[in-house]
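As the structure lists them, so they are numbered: ligands from 1, and atoms in each ligand from 1. Please read all numbers here as calculations on a predicted model, not as lab measurements.
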Amino acid sequence: MKVFPLMLKGMGSLRWASRQIGARRSVLWVLLLALVMGLLGTLVWLAGRYEASQVQSRLERDALETVTDIRTGLTRNIQSFQALQSSERSPESWRVQASELLRQSRELMRLEWRNESLKVMAFADTPYRSPVFERLGRASAQADVSLACTTARRLSGAAYSISYFMPQSDGLGFEMLDMCMPIMVAGRLVGYTVATYSLQDVLGEMVGKQLARGQSLAFTEADGTRLALHGTATRGNRIYVSQQLLDLPGNTLVLRLESRQGTPNFFPNVLTALVTAMSLALMAVLFLLARDMRRRLKVEHDLGEALAFRKAMEDSVLTGLRARDLSGRITYVNPAFCQMVGIQARDLLNQSFPSPYWPPELADTYLQRQTLRLAGNNLPREGHESVFMRPDGTRFPVLIMEAPLINAVGKHTGWMSAILDVSEQRRTEELSRASQDRLQATARLAMIGEMASLMSHELNQPLAAISSYATGSLNLLSYQSAAGKENVAASVGEDLTSDLQLVMGRIAEQAERAGKVIKSVHDFVRRRDQAREAVQPRALLDAVMPLVSLQARKLSVTVLIEVDPTCAPVLCDRTMVEQVLLNLSRNGMQAMHAAGGVAASRVLTLRVRPAASNARSSWVEFAVIDQGEGISPEVAEQLFTPFFTTKVEGMGLGLSLCRTVIEQHGGFLGFEAALPRGTIFSFTLPVAVTAGKSSSAESQHGTDP
Ligand code: ADP
């Protein structure tokens, strides 16, 4: 009763603990998810940034290459200009040569040959445009030219002017740049070559062809003012810019390369796409893992419940449970077992033979038995009895049932035993045996009491006869002495002697009869030996006859004895069977007495014959037949119930005891109605097997009838 709340409490605390673990686990999961998301976000962002930096550095490289290209182009042009001045030319031939050069280099707008005082000796305009100084005239840029030439003279090489805007006659205009190169002949300055570049065409002609789509190239001033532009950047939300300095003698220009990335591009490159795909895969794996974990948790929970239930069950059973491994070491004990042997579980676990609860005097026997049993693997299903000992030395009987312990994969790993403390059972059995003995003794005493009263009645007769014989003898003796005085003839004396002898004989006879009556009761009371012996059926009847006759005479009953002479001796406890015969005879006589009627009809028959039911006659049937009132169905129902009686002075124990006695002999006691009236009580006893005879009786003993 107390176990159940305990079990509930145990399961409750288990549930609380599992809730705690569940809460902690979900916090961990959320943390893990946040971390993974953060990590993935960072990865995608880093991938994006990496891509941007890649684009930027590519742009830087392009810009640097562009600057180099422009510088190379300008240097190549300078070489062409030197070739133009290489020999003393006439202005006409110079112009032809210059026009050719202008046709080849579209970025050049005009070429001039000036003398040492900067006066124009000859000039040629580009054939691709109308003359650039048409609208404002060449003089407008004179200051820039002379500044550049001054620098050129100082440097003894080509120098560039600062750029300037030159409006055109078509309304447009563009940024121009002059280059001045001194013409030296034998170390003496003889003039200048002045070339006018259009900045826009410098971009277009020198590097424009290499420009990628979506890129634009511009010359700007240091403050960002755009001077010339080539290419148009397509629309895009991301602009990558790279600026490089184009350092020219006399002027420094800033080259700005712009690149725009396409409209919102979620996956700007393969790397980002790869990282995103991997992130998605990771998320999917995480999801699967979470699902698996959830399933695992459920199984864990179910397992926990099952375990808690099993534990509660093992703790609450009253049967001791003990498991041993194959080498005999104890691997498990339940609380009931610990309580039974009075030893704590920790002192029992891992203990091998001899076990701490074995009585020392039996340890050797147990060890042998255990070794045999474990080796043979033939354990009795119904168990075996043993004796265990508590630490205080008390011994107690136990019933042990053992079975092989088979694990989940079908492997034999040890032995499982269920142990029952049977001391209480033994005590009860002992008590019931003692009480049965007492009951029998009481019944016997009750019968003796009854017989004592009969005996006193019966002893009256021989005693009265003895007394009258004694009186007669005394009379005869006094007569003899009187005759002696009167000298009576000798023949008379002889008669007297023979009379006295006769009387004395009778007295002795009666005394003997009285003695027999007493002896028969005495024998019955004193004979207690339980041993079974072979007895002639007739002898059994003879033994009870004196007592039966006593009662028969009192109740005016005639007793008839019918014994089949072929009957073999029976194997029985003589005293007990005599008691049965006495009981049945007494019941029969009392039934006839109660029924009334004339004395002639009161016949009690004691019959002995081989049991008809058995062909080999290994059983003998005894029957007590009366002509009494018979047994009604109501009485018949309770006939063998202890203490059932219909008599005023009856105890109701006779028949139940009779049946017990006969059944203990392996026989059967029953009754049936006799015709025309009365009852037949009959019982069977086994035939005693003597040496040389067939052992059929013994083989039948206990099973038949
Ligand atoms: P008791 O003789 O002390 O009453 P028994 O157990 O011997 O106890 O008998 C129980 C009852 O069975 C008797 O009281 C009687 O009513 C009935 N009985 C026993 N034997 C006979 C018989 N031969 N004829 C009729 N009734 C009987």
Side-chain angles (χ1 to χ4, degrees), residues 435-454 521 524-525 540-541 544-545 547-562 575-608 621-665 667-684:
S435 73
Q436 196 174 348
D437 282 356
R438 265 204 305 280
L439 203 66
Q440 285 197 6
T442 315
R444 197 196 295 257
L445 280 176
M447 190 169 277
I448 290 163
E450 201 173 318
M451 282 186 295
S453 72
L454 278 175
V521 175
F524 185 76
V525 177
L540 288 170
L541 295 188
V544 295
M545 268 325 280
L547 293 172
V548 173
S549 312
L550 279 179
Q551 195 158 25
R553 211 164 301 147
K554 186 181 170 191
L555 301 174
S556 315
V557 172
T558 314
V559 182
L560 280 184
I561 292 180
E562 293 174 12
T575 322
M576 299 310 281
V577 175
E578 283 170 10
Q579 197 175 338
V580 171
L581 276 171
L582 261 177
N583 241 315
L584 296 180
S585 309
R586 187 198 57 168
N587 275 354
M589 288 186 286
Q590 283 175 343
M592 287 189 282
H593 182 72
V598 287
S601 65
R602 294 186 197 168
V603 180
L604 181 80
T605 312
L606 302 179
R607 189 184 69 200
V608 183
E621 184 203 68
F622 291 76
V624 179
I625 307 160
D626 67 67
Q627 296 174 346
E629 58 201 344
I631 296 176
S632 67
E634 299 84 63
V635 174
E637 261 178 39
Q638 292 167 280
L639 208 57
F640 296 103
T641 315
F643 303 110
F644 169 76
T645 180
T646 57
K647 298 165 197 166
V648 184
E649 77 286 11
M651 282 194 39
L653 282 171
L655 283 179
S656 77
L657 277 174
C658 289
R659 174 171 267 189
T660 312
V661 169
I662 296 304
E663 284 174 356
Q664 273 172 359
H665 282 81
F668 168 80
L669 186 142
F671 69 95
E672 59 189 306
L675 290 174
R677 60 200 294 263
T679 317
I680 306 175
F681 272 90
S682 61
F683 62 89
T684 53

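- The shell of residues lying under 4.0 angstrom from ligand 1, judged by heavy atoms, excludes F640.
- Between A552 and V559, the shortest heavy-atom contact is CB-CG2, 3.6 Å.
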Run the side-chain contact (heavy atoms from CB on, under 4.5 Å) check on N587 and K647 step by step: do they pass? CA-CA 10 Å; N587 275 354; K647 298 165 197 166; 3.0 Å; yes

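- An N or O contact shorter than 3.5 Å links K647 to ligand 1 by distance.
- For ligand 1, the polar-atom distance check finds an N/O of N587 within less than 3.5 Å of one of the ligand's N/O atoms.
- At a heavy-atom distance under 4.0 Å, atoms from both the backbone and the side chain of T646 approach ligand 1.
- Only side-chain heavy atoms of R586 come within less than 4.0 Å of ligand 1; its backbone N, CA, C and O stay farther off.
- Considering backbone and side-chain N/O of S656, none are found under 3.5 Å from N/O of ligand 1.
- For the atom pair L541 CG and E562 CD, the distance stands at 11.0 Å (nearest 0.5 Å).
- Some N or O of D626 is nearer than 3.5 Å to an N or O of ligand 1, by distance alone.
- Closest approach of Q627 to R602, counting heavy atoms only: OE1-N, 4.3 Å.
- Heavy-atom proximity to F644, at under 4.0 Å, picks out these atoms of ligand 1: 10 (C).
- Among all non-hydrogen protein atoms, the one lying nearest atom 24 (N) of ligand 1 is A591 CB, 3.5 Å.
- Contact annotation: for T679 versus ligand 1, heavy atoms closer than 4.0 Å belong to the side chain alone.
- Using the six-membered ring where Trp is involved, F683 and F622 have ring planes that are parallel, under 30° apart on the 30 and 60° scheme.
- With rounding to the nearest 0.5 Å, the separation of CG in L584 from CG in L655 is 6.5 Å.
- The protein non-hydrogen atom at the shortest distance from atom 26 (N) of ligand 1 is I631 CG1, 3.6 Å.
- Note that the CE atom of M592 and the CZ atom of R677 stand 9.5 Å from one another [nearest 0.5 Å].
- Distance from atom 21 (C) of ligand 1 to its nearest protein heavy atom, with residue and atom name: F681 CE1, 3.9 Å.
- With values rounded to the nearest 0.5 angstrom, D626 atom CG is found 8.0 Å from I631 atom CD1.
- At the top of the distance list for atom 4 (O) of ligand 1, counting protein heavy atoms only, stands T645 OG1, 2.5 Å.
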Apply side-chain contact (heavy atoms from CB on, under 4.5 Å) to residues K554 and H593 and explain how you reach the verdict. CA-CA 10 Å; K554 186 181 170 191; H593 182 72; over 6 Å; no

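- Looking at L655 next to ligand 1, an N or O pair under 3.5 Å apart turns up.
- Of the candidates I625, L639, I680, it is L639 that places a heavy atom closest to atom 12 (O) of ligand 1.
- Within the 4.0 Å heavy-atom shell around ligand 1 one finds G630.
- Looking only at heavy atoms of the protein, atom 8 (O) of ligand 1 is closest to G652 CA, 3.2 Å.
- Separation of atoms OG (S632) and CD (E637) is listed at 9.0 Å; rounding is to 0.5 Å.
- The distance from atom CZ of F681 to atom CG of L639, rounded to the nearest 0.5 Å, is 4.5 Å.
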